[in-house]
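Working notes, beginning with the structure itself.
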Number of protein chains: 2
Amino acid sequence: MARPRSFDPDDVLEVARKVFLRKGYQAASLDEITAASGIAKPSLYAAFGDKSALFLRVLDRYHDGILGWAERVLAQPGPAHDVIRQWLTGFVPYCSGAKGSRGCLSINAATDGSLDQTEVRKSIERYNRRLEQLLRARLRADRAQFRKGFDPDLTAHTIMVVHTGLMTLAHQGSDAKQVQAVIDQVMTLLT
Amino acid sequence: MARPRSFDPDDVLEVARKVFLRKGYQAASLDEITAASGIAKPSLYAAFGDKSALFLRVLDRYHDGILGWAERVLAQPGPAHDVIRQWLTGFVPYCSGAKGSRGCLSINAATDGSLDQTEVRKSIERYNRRLEQLLRARLRADRAQFRKGFDPDLTAHTIMVVHTGLMTLAHQGSDAKQVQAVIDQVMTLLT
DNA sequence: TTCATTCTGTACTTTGTAGTACACAACTGG
DNA sequence: CCAGTTGTGTACTACAAAGTACAGAATGAA
């Protein structure tokens with residue numbers, strides 16, 4: 001019973017995600033986001049609150065997307081080795097070449113000192129915890145497929161470390177084949 | 001034959017390093033650096049140039065420190081496995097607990113989108129290349145110590161990935177024992 | 001058609017901070 | 001002791017960008 005919104009909030013969040021990914025939190029200006037999305041600043045503030053609240057929305061959305069995909073892939077039947085390799089390989093396009101050269105929004109936020117005392121950090125920690133939990137659950141469930149003495153918890157964490165390393169080094173424009181080779185070498189830890 | 005400097009440039013670079021590490025490039029203000037170092041802004045500009053030039057000096061200094069240490073450790077006699085493990089273990093205090101929670105200045109700079117088109121990126125790439133080169137050279141030289149088919153180049157890169165992952169995840173305050181466990185697990189790739 | 005309500009666009013204020021002008025202080029060579 | 005040179009401190013300017021006031025537009029309900 002009033003004037004309706006002239007924009008789709010999801011579209012704006014998507015535009016904002018791209019700007020934040022390209023510039024980082026600090027250097028991304030709201031003027032740039034409003035220009036790219038075509039809406040005016042008061043509309044942005046009315047819909048999402050201030051800059052940090054907007055970023056948090058964008059980041060949570062980003063996290064949910066990756067977690068949803070990970071849940072789907074890691075729930076597939078078959079050897080744990082294969083589904084985890086498939087999961088890691090899915091990141092190759094996002095951590096190599098020009099497409100990957102902006103890195104990962106979550107990691108970029110984690111390494112941004114200006115976001116230290118915000119909700120952002122909690123969101124990132126929750127995301128990392130859930131991702132590792134998915135890996136751990138799968139490795140524990142399928143531990144019979146591995147050698148005696150295999151440590152599913154440690155291995156889940158090591159995979160997280162490798163994943164984080166690949167997504168971080170993406171900023172220097174990694175080669176897709178080399179990324180895949182690293183994944184394959186690390187997968188030999190799952191025996 | 002003129003008034004001498006009233007400060008040691010190295011001291012100022014050290015102060016600036018701490019501020020940049022804590023706040024990130026953007027959020028670190030020159031006022032904060034001058035306040036912490038006790039010198040005035042015109043002196044800072046006269047000695048180092050503008051903010052980006054100062055950051056580059058700080059970053060190069062940081063890189064040189066780590067590279068120098070890596071050269072020393074990796075040149076030691078003994079099995080390659082042992083010296084590389086020792087080198088990685090040396091990072092544990094810097095990527096765990098409160099001390100490591102600011103992460104690595106180089107990685108923080110690499111993931112900062114606002115520094116994309118600067119000399120900073122070249123400095124980071126050179127640093128990563130040299131570090132990996134040190135690992136590669138040592139693994140190649142000692143390849144006889146490993147199994148047939150051991151790939152020193154790939155393994156050097158994988159170690160870089162793990163190192164980067166550990167330094168990145170340091171932001172969430174990792175547990176030192178867990179970091180060491182990951183290192184030990186990854187070291188099993190060197191056989 | 002009219003009213004109440006909510007959204008939109010322009011244009012503004014405010015603030016943090018990078019960078020500098022300028023007068024003065026500290027030193028050295030002669 | 002003087003002159004020339006370089007560093008220092010105060011105080012300023014310039015500017016970008018976050019956040020907002022306000023007038024007007026777009027809707028649904030009566």
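Here is the naming used below: chain letters follow the sequence lines, and residue numbers restart at 1 for every chain.
Look at CG on B:L54: it is 12 Å from C1' on C:dA18, rounded to the nearest Å. Between the C1' atom of D:dT6 and the CZ atom of B:R5 lies a distance of 10 Å, rounded to the nearest Å. Remark: P of D:dT6 and CG of B:L44 are 20 Å apart, rounded to the nearest angstrom.
Ring pair A:F91/A:W69 is perpendicular by interplanar angle, where above 60° counts as perpendicular and below 30° as parallel. Ring-plane geometry between A:Y127 and A:H63 is classed as parallel, the angle between the planes falling under 30 degrees on a 0 to 90 degree scale with a further cut at 60. Relative orientation of the A:F7 and A:F48 rings is tilted, given thresholds of 30° and 60° on the angle between their planes.
Residue pairs meeting the salt bridge (Lys or Arg N to Asp or Glu O under 4.0 Å) criterion with at least one member in residues 168-190 of chain B, sequence neighbours excluded, are B:R85-B:D184. Annotation: salt bridge (Lys or Arg N to Asp or Glu O under 4.0 Å) contacts involving residues 143-169 of chain A, sequence neighbours excluded, comprise A:R140-A:D153.
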Spell out protein contact along nucleotides 10-19 of chain D as letters: B when the base is contacted, S when just the sugar-phosphate is, - when no protein heavy atom is under 4.0 Å; keep the 5' to 3' order. B------SBB
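No donor-acceptor pair under 3.5 Å is formed between the side chain of A:K18 and the backbone N or O of A:L13.
The shortest distance between the side-chain N/O atoms of B:S43 and the OP1/OP2 oxygens of D:dG7 is not below 4.0 Å.
Of the candidate nucleotides D:dG7, D:dT5, C:dT5, D:dG7 has the atom nearest to the side chain of B:R3. With distances taken from any side-chain atom of B:S6 to the nucleotides D:dT8, C:dA26, D:dA26, the minimum falls on D:dT8.
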